[in-house]
Amino acid sequence: MTIKLNNLEIKARLPALPAALPVFALDAPTFEERRASIGRLAEQLKLGTLRQVDLDHGSVLASSHGDITCFHASGAVWARDATATKGAVNELRKWEGQVETTGTDGQRVGLNADASRKLLAQARELLQPLGLLGKEVASESVQLDQVAQLDAKGKELAHGAGQATVKFQYAVGGVPVRGAGAKTLAFAEPDAAQARIAGVFHAWRLPGKGTEIKLPVLEEALGVGLLTDPELDRYSAAGHKILITRLEFVYLALPAFVRQSHLFPAFQIEGVVSEGKLGISFHFGRYHHVLPPKVYAAAKLYGPYLSTNPDGIKAAGTRNLAG
């Protein structure tokens, strides 16, 4: 069975699909290619003498001060300074330039524009010389962890900021790249002179040659994945309401531990499934293909993630409201 488009309540802006777009070949840096930058990163984080351990998923260099992992499948780098929070009594932090705002999601703490610019510049100054910041960066931001202290009864005693995360996100040809394999993050702790970088995560495979592929019209593209989603189809057949709150046309980059040879188009979808009588509901988020496998095969593009499972990971168990 398939879901009828008019059975979905769509409260998201519908994307405009181009007539065609390139599917890019991807290059994943090897550990040997990363070795020099990993060494310099270890010096910057003051990790001391590192010992190397080779595991199935990657190579880990570690000391008592922290560790750095380079993932075989993607060349992604994860680094951690284990001493950065030494001496902290809890997760609350005090940042220079800290401001509080109140919005639809309640009270939040952030950094003012000047403090954010300084932290962004510090992160770029660290990452760019190491080759850990892709040239395809499309947006950058700073977010503070939101921390609350509660008493035994759950009453909030204090609310404030925690660690800062500097986020760099990517786009190719004007199309945003989403997924766990398309981000560069720097984690920071407040310090006297300037913030202390407490960790780094860089996952970005380098786009190469593109193979141009024609795209279908929107409804046909939705029929490839969203309208044939077996779980949502079952909820729809049982009479549950399906609300789509996000429907974005993107390229999808797979997680650091998954091999990916091509950057391919997908829909990033978020929504809510609800059952009217019992008032039961849950939020969901997933990626769905824009193109069927036969289109990729005709272009001589192959990969397990170009078939029915766009995130490249074995599907986990799902909740069942349909009985």
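- For Tyr296, the ring-ring contact (aromatic ring centres under 6.0 Å, His included) criterion is met by no residue, not counting sequence neighbours.
- Within 6.0 Å of atom CD in Glu212, more than 12 heavy atoms from other residues, nucleotides or ligands are found, so the atom counts as buried in its surroundings.
- In this structure, Val60 shares a hydrophobic cluster with Val53, Leu55, the cluster being traced through Ile, Leu, Val, Met, Phe, Trp and Tyr side chains under 4.5 angstrom apart.
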Donor-acceptor contacts, no H, no angles, side chain residues 155-169, under 3.5 Å, sequence neighbours left out:
from	atom 1	to	atom 2	distance (Å)
His159	NE2	Gln107	O	3.4
Gln163	NE2	Glu189	OE2	3.2
Lys167	NZ	Gln143	OE1	2.8

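- Leu92 belongs to a hydrophobic cluster with Val147, counting contacts under 4.5 Å between side-chain heavy atoms of Ile, Leu, Val, Met, Phe, Trp and Tyr, direct or through other members.
- Using a 30° and 60° split on the angle between ring planes, Phe264 and His289 fall in the tilted class, from 30° to 60°.
- The two residues Arg205 and Pro255 have their closest heavy-atom pair at NH2-O, 2.8 Å.
- By the side chain to side chain donor-acceptor pair (under 3.5 Å) test, Gln128 is found to be paired with no residue, residues two or more places apart in sequence or in another chain being considered.
- Trp204 meets the ring-ring contact (aromatic ring centres under 6.0 Å, His included) test with Tyr170; sequence neighbours excluded.
- With ring centers used as reference points, His262 lies 6.0 Å or more from Phe24.
- Checked against the 6.0 Å centroid threshold, Tyr235 and Phe282 count as a close aromatic pair.
- Of the candidates Glu231, Gln268, Glu270, Arg286 forms a side chain to side chain donor-acceptor pair (under 3.5 Å) with just one, namely Glu231.
- For Glu91 and Arg93, the salt-bridge test fails: no basic side-chain N is under 4.0 Å from an acidic carboxylate O.
- Closest approach of Thr184 to Leu132, counting heavy atoms only: CG2-O, 3.3 Å.
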